[in-house]
> 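This is the structure I have questions about; it appears just below.
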Amino acid sequence: MKYMLLFVGTRESQDQWDTMTPEQLHAAMGGAETWFEKYTQAGKITGGLQLQGYKTVTTAQDSNGKRIVTDGPFIESKEVIGGFAIVDVKDLEEAQEMAKSWPGGPVEVWPAVER
Amino acid sequence: MVRVLGNFDIAEEVVQDSLVAALEKWPAQGIPDNPGAWLMTTARRRAIDALRRDRRYAEKVALLERSTLPGETREADDRLRLIFTCCHPALAPEAQVALTLRAVAGFTTEEIAAAFLVSEPTMAQRIVRAKRKIVAANIPYRVPAAAELPARLDAVLAVLYLMFNEGYLSRGSAAASRRDLAEDAVWLGALMVRLMPDQPEALGLLALMRLHLARAAARFDGAGEMVLLADQDRSLWDHEAIADALRTLNRAAAMSSPGPYQLQAAIAAVHSEAASWEATDWRQIVGLYDLLLDLNDTPVIRLNRAVAVAHLNGPQVALGEVNDLAIALSGYHLFWATRAELLDDIGETALAREAWQRALELCANPAERALLRRKLSG
C-alpha cells in the first residue's frame, strides 16, 4: 500500500539553511540522504522530492471569482513542508517505522487512496 | 473490503455488526487463518453478554475464561491480535476504548454510549471512524514484534485502566460508580494475563484493578454517600478477592521487573493489608511512591505521596510539598481537597475553608461533591 511521508520543518529551521556554508548544509542533510538511499535500495521508496525553502513557493487560488497567483504557501503556519517521499510498503506500521527512522523533524504519514 | 466493494458505505453496512466480522472478511493480509475460531469467539461473546446479566456473572466468566475449547490457541492468537489492533496508537485514545469494548468485550454501541455519557449516534460515529481508519490507513492486524511490544502493551493496559477508572469513579455522572465497566476492564485484564502470562505489568494492572474492586462494597454508605479509605468499614472488603489479587501481584513481583502498575498495586496492597487506617505502613507507602516517581515523575503522583508523607512526617512537612505543586495542579480538585485537609490538620481553618471551596468548584463527580459539601459544613 502507498503512503506519502511528509517531512515537516519550521520556517526558522529553513531560514538557518540560508546562512549555512555548502559544507554545513551537506553535513545537515547527510542523514536524510543516507535515509533516502537506504530505503530506495530496499525498493520501498517509489518517489519523492526535497523541496526548496518556503520563500520560493507560490500559490494559485480563487480570489473574487478570478484565479490569481500569490507569493508564499497557502497554509499560513509556522510549519512548512521540507520534502516528501512516496513509499510502497506492507502496512501502516512499516510506513511508521520509516517515519520513525527519519533523521530530521516530524513526519506525517498519509495513506494514499487506492484505485 | 473497500477494494472489493468499491464503496465504503456499502462495506460499512456489511461490517456494521462488529469489527470482528470486518477482520474476517478483509481481502488483504488481514484474513484470519482460522475463520472457524472467529465464529466461536462471536458465539462466546454472545454467551458472555447473556451471562453479564446473571447474578453470578463474575464466577461464570471466570469459569468460561479457564475453559479450554478446541482451537483455543488459535482463538487466543486472534483475540490478542484484535486487542492490539483496537488499541493501536494510530487511533485516538477514546476510539481505542470504544473499539475494545465493542469488538473484544462484546458491548453494544448503545451500552458504550451510555457508559461514556455521549449520545448513541456520537459513539456510533466514533466507532465507525476508527474502523474506517483501520481499513483506510491499513493498520495491521497482528501482535507487535518483540521490539515494539513493551510500548504497545502499555497502550493496551492504558486503555484497560482508563476503562476501569471510568467505571470505578465516573466523572460527572449521576451514578457515581459504574461497576459493570470496571468489571469488564478486570475481565479484559484477566484475558490479557491469560494470553500473555509473562508480562509483569499486565499482572500488575490486573492486581491493581482487583484490589480496588475488592473495596467496592465499603466505598458508599447506606445513604449512598461516598466513604473515604480512611473511614471505610474494612470488614466489608472482599478479603478473598484481596488475597487473590495479592497472589497475582506476587506472580508479577517474581519476574523482578517493576513498573508503574505493579507499584500502584503494591501501594493498594499495603492499604489492603492494614487492619485500620491508623495501622497503615506509611513508611512503605512513601517508599513505593518514591520508586514510582523514579519511573514516572508527575505532579499527581507527588500529590498522592504527600498524603502518605503527612502521616509519616506530619501535616506541616506534607503541606510544604503540596504547595510546591500549586502551579501544576491548580485546576485539580484533589489538589485543593488535600491542601484543605492538611490546613485543617494544622488548625488553619479559614484557609482550609477556602481550599475546600475551590475543590468543590472544580469537582464534577456528584458523590465527591457531596463529600466536599459535608467537609465544608462540618
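Chain letters run A, B, ... following the sequence lines, proteins first, then strands; residues in each count from 1.
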> Between A:Lys100 and chain B, with a heavy-atom cut-off of 4.5 Å, which part of the residue counts as in contact: side chain, backbone, both or neither?
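Just the side chain, heavy atoms under 4.5 Å.
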
> Should we count CD of B:Glu110 as having more than 12 external heavy atoms under 6.0 Å?
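No.
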
> Tell me whether A:Ile68 at atom CD1 has more than 12 heavy atoms from other residues, nucleotides or ligands lying less than 6.0 Å away.
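Atom CD1 in A:Ile68 is crowded, with more than 12 foreign heavy atoms closer than 6.0 Å.
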
> Looking only at non-hydrogen atoms, find the nearest pair between B:Ala137 and A:Met1 and report the distance.
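Looking at all heavy atoms of both residues, the shortest contact is C-CE, 4.0 Å.
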
> Return yes if some donor-acceptor pair links the side-chain N/O of B:Asn138 with the main-chain N/O of A:Lys90 below 3.5 Å, else return no.
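Present.
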
> Return the CZ to CD distance between B:Arg142 and A:Glu93, rounded to the nearest 0.5 Å.
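Output value for this atom pair is 4.5 Å.
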
> Kindly compute the distance separating CD (A:Gln96) from NE2 (B:His88), expressed to the nearest 0.5 Å.
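Nearest 0.5 Å value for the CD-NE2 distance: 5.0 Å.
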
> In terms of heavy-atom contacts, does CD of B:Glu120 have more than 12 from other residues, nucleotides or ligands at under 6.0 Å?
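Yes, because the 6.0 Å sphere around CD of B:Glu120 holds more than 12 heavy atoms from other groups.
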
